[in-house]
Undergrad: 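If you scroll down you'll find the structure; I have some questions about it.
Proteins come first, then strands; the chains are lettered A, B, ... in the order of their sequence lines, and each starts at number 1. Worth saying up front: this structure is predicted, and the values here are computed from it rather than measured.
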2 protein chains.
Amino acid sequence: MNTESLAFATPQESLGILLGLVRAEIVRAMETELAAKGLNLSFTQFLILKRLARLGPMSASELARSVELDGGAMTRQLDHLEGKGYLRRCRHEQDRRALRIELTDAGNALWTQLVDCNERVLTAAQRSLSEAEQAQLQDYLERVLHALRDKS
Amino acid sequence: MNTESLAFATPQESLGILLGLVRAEIVRAMETELAAKGLNLSFTQFLILKRLARLGPMSASELARSVELDGGAMTRQLDHLEGKGYLRRCRHEQDRRALRIELTDAGNALWTQLVDCNERVLTAAQRSLSEAEQAQLQDYLERVLHALRDKS
DNA sequence: AGCATATATTTGCCTTGACAAATATACTTG
DNA sequence: CAAGTATATTTGTCAAGGCAAATATATGCT
């Protein structure tokens with residue numbers, strides 16, 4: 001180039017941008033890991049599977065809320081994941097409006113692979129932070145989140 | 001509800017999700033602030049204007065890289081912002097392929113309003129963190145970012 | 001100079017996610 | 001119980017962004 005106005009990188013970013021950059025890198029890294037295993041999953045799909053694996057069966061809207069995904073978008077992701085055979089839409093016993101989304105055996109099997117990817121990426125991302133610092137980072141982020149949500 | 005399986009909130013989220021949640025809240029808050037001032041700007045557009053105001057004129061692709069936005073998407077955002085009269089596409093003196101994007105007077109005037117919104121949102125977001133903690137959060141995030149980028 | 005390669009911008013195509021409307025149930029109150 | 005309101009899921013529509021192809025320049029090498 002010429003003017004050498006290095007606009008890239010991260011020169012004292014404001015929080016909003018910085019968060020976006022970090023998140024984008026994590027998403028990218030995760031999807032790369034997944035692709036390396038021959039898995040064709042988006043980060044969103046990974047999150048959905050993670051929730052189900054961690055918290056067990058739940059309704060589509062609970063799932064949507066927990067991942068901050070729109071209900072409509074969730075319906076379509078469920079279509080994909082059900083199509084791939086990783087989960088099942090069952091009837092909800094107490095509420096006939098709702099579904100009970102549960103992992104299939106294939107879904108559970110898949111999860112064991114995903115744990116791995118997840119682990120590797122998070123470890124790599126935080127490798128320059130001590131255990132204490134990692135905990136602190138998490139704490140700070142949670143406090144920021146609460147501050148934004150409770151506009152008290 | 002029934003089962004009370006509180007899947008919402010933020011019970012020990014992994015970094016990826018947490019970052020997404022925080023960022024989403026910041027974006028939401030910023031756009032709300034903007035709308036409150038009668039401004040119809042997306043967070044992305046805000047970022048573009050911010051870059052130009054802070055770093056001065058630069059090419060479209062420098063701008064795109066610095067906001068982590070795809071080149072094609074940038075072209076379209078520039079269309080919008082130029083249409084609203086906030087910026088101008090000029091010829092780049094040294095490189096006839098490139099553009100020199102610069103703020104118009106209206107764009108600079110707008111920026112003085114945006115600084116305000118930006119300030120308010122970031123202050124609110126970090127209000128439960130001390131100055132020292134805010135700096136530390138920034139530092140941690142930058143370290144994570146570097147760790148992810150330099151896969152050394 | 002001639003050619004191959006790299007970069008800047010634009011455009012077309014496609015996917016994702018937000019929002020709103022439609023439908024089916026649930027819940028709440030008079 | 002009936003009416004009104006709230007919630008769950010699905011579908012249509014739209015805007016935003018990623019990717020690839022097209023075009024115009026630049027740059028580097030021979």
Undergrad: I want to verify a distance call: between D/dT10, C/dT16, C/dA8, whose nearest atom is closest to the B/Asp95 side chain?
TA: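 From the listed options, C/dA8 comes nearest.
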
Undergrad: To the nearest angstrom, how far is B/Glu93 atom CD from C/dA8 atom P?
TA: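 The answer, rounded to whole Å, is 17 Å.
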
Undergrad: Between C/dG17, D/dA8, D/dG17, which nucleotide gets closest to the side-chain atoms of A/Leu69?
TA: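 The nucleotide sitting nearest to the side chain is C/dG17.
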
Undergrad: According to a strict under-4.0 Å criterion, is B/Arg65 in side-chain N/O contact with OP1 or OP2 of C/dT9?
TA: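 B/Arg65 to C/dT9 OP1/OP2: no side-chain N or O under 4.0 Å.
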
Undergrad: With B/Asp95, which of B/His92, B/Arg97, B/Arg91 fulfils side-chain hydrogen bond (donor to acceptor under 3.5 Å, both in side chains)?
TA: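 Looking at B/His92, B/Arg97, B/Arg91, the match for B/Asp95 under the side-chain hydrogen bond (donor to acceptor under 3.5 Å, both in side chains) is B/Arg97.
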
Undergrad: Grab the CD-C1' distance between A/Glu82 and D/dT9 for me, whole Å please.
TA: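 A/Glu82 atom CD is separated from D/dT9 atom C1' by 13 Å.
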
Undergrad: Take the protein atom NE2 of A/His80 and the nucleotide atom P of D/dT10, then report the distance between them rounded to whole Å.
TA: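 Atom NE2 in A/His80 sits about 13 Å away from atom P in D/dT10.
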
Undergrad: Identify the two heavy atoms, one from B/Leu122 and one from A/Gly16, that lie closest to each other, and give their separation to 0.1 Å.
TA: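 Smallest interatomic distance, heavy atoms only, reads CD2-N, 4.4 Å.
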
Undergrad: Could you tell me how far apart A/Gln94 (CD) and D/dT7 (P) are, to the nearest whole angstrom?
TA: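 The answer, rounded to whole Å, is 18 Å.
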
Undergrad: Do the charged groups of B/Glu25 and A/Arg149 touch, with an N to O distance under 4.0 Å?
TA: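 Salt bridge: yes.
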
Undergrad: B/Ser59 side chain N/O closer than 4.0 Å to the phosphate oxygens (OP1, OP2) of C/dA8?
TA: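 For C/dA8, OP1/OP2 do not have a side-chain N/O of B/Ser59 under 4.0 Å.
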
Undergrad: Select base, sugar-phosphate, or nothing to describe what B/Arg89 touches, counting heavy atoms under 4.0 Å on all strands.
TA: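 The answer is sugar-phosphate, as B/Arg89 gets under 4.0 Å only of primed atoms, P, OP1 or OP2.
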
Undergrad: Is A/Arg76 near enough to C/dT15 that one of its side-chain N or O atoms lies under 4.0 angstrom from OP1 or OP2?
TA: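 Result: no.
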
Undergrad: Looking just at side-chain N and O atoms, do B/Gln138 and B/Glu142 make a donor-acceptor pair shorter than 3.5 Å?
TA: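 Present: a donor and an acceptor within the cut-off.
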
Undergrad: Hey, does the side chain of A/Ser42 come within less than 4.0 Å of C/dT16's phosphate (OP1/OP2), counting only N and O?
TA: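 False: A/Ser42 side-chain N/O out of range (4.0 Å or more) of C/dT16 OP1/OP2.
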
Undergrad: Give a yes/no answer on whether the side chain of B/Ser61 brings an N or O atom under 4.0 Å of OP1 or OP2 in C/dT9.
TA: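 Yes, such a contact exists.
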
Undergrad: Just to confirm, is there a sub-4.0 Å distance from OP1 or OP2 of C/dT23 to any side-chain nitrogen or oxygen of A/Arg97?
TA: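 Result: no.
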
Undergrad: Can you tell me the distance, in whole Å, between the CD atom of B/Glu31 and the P atom of C/dG17?
TA: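 The answer, rounded to whole Å, is 17 Å.
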
Undergrad: Check the distance between C/dT16's P and A/Ile48's CD1 and give it to me in whole angstrom.
TA: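 To the nearest whole Å, that distance equals 11 Å.
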
Undergrad: What is the distance from CG of B/Leu78 to P of D/dA16, rounded to the nearest Å?
TA: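 Rounded to the whole Å, the gap is 13 Å.
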
Undergrad: Taking the basic N atoms (NZ, or NE/NH1/NH2) and the acidic carboxylate oxygens, is any pair closer than 4.0 Å for B/Asp79 and B/Arg89?
TA: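 Counted as a salt bridge, because a side-chain N and a carboxylate O are separated by less than 4.0 Å.
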
Undergrad: Roughly, in whole Å, what's the span from CG in A/Leu47 to P in C/dT16?
TA: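 After rounding, the gap between these two atoms is 14 Å.
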
Undergrad: Please list all pairs meeting ring-ring contact (aromatic ring centres under 6.0 Å, His included) that have one or both residues in residues 30-52 of chain B, counting only residues at least two apart or in different chains.
TA: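 Checked against ring-ring contact (aromatic ring centres under 6.0 Å, His included) - neighbours excluded - the pairs reaching residues 30-52 of chain B are B/Phe43-B/Phe46.
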
Undergrad: Picking from D/dT9, C/dT9, C/dG17, which would you name as closest to the side chain of A/Ala73?
TA: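 My answer, after comparing the listed nucleotides, is C/dG17.
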
Undergrad: Tell me whether the OP1 or OP2 atom of D/dA26 has a side-chain N or O from B/Arg96 closer than 4.0 Å.
TA: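 Answer is yes, contact under 4.0 Å.
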
Undergrad: Ignoring backbone atoms, establish whether A/Gln77 has a side-chain N or O less than 4.0 Å from OP1 or OP2 of C/dG17.
TA: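 For C/dG17, OP1/OP2 do have a side-chain N/O of A/Gln77 under 4.0 Å.
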
Undergrad: Mapping A/Gln45 and B/Ala98 to their closest nucleotides on DNA chain C, which lands nearer the 5' end?
TA: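 Its nearest nucleotide lies further toward 5', so the answer is B/Ala98.
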
Undergrad: By nearest atom, which of the nucleotides C/dT16, C/dG17, D/dT10 is closest to the A/Thr44 side chain?
TA: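 Closest of the options to the side chain of A/Thr44: C/dG17.
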
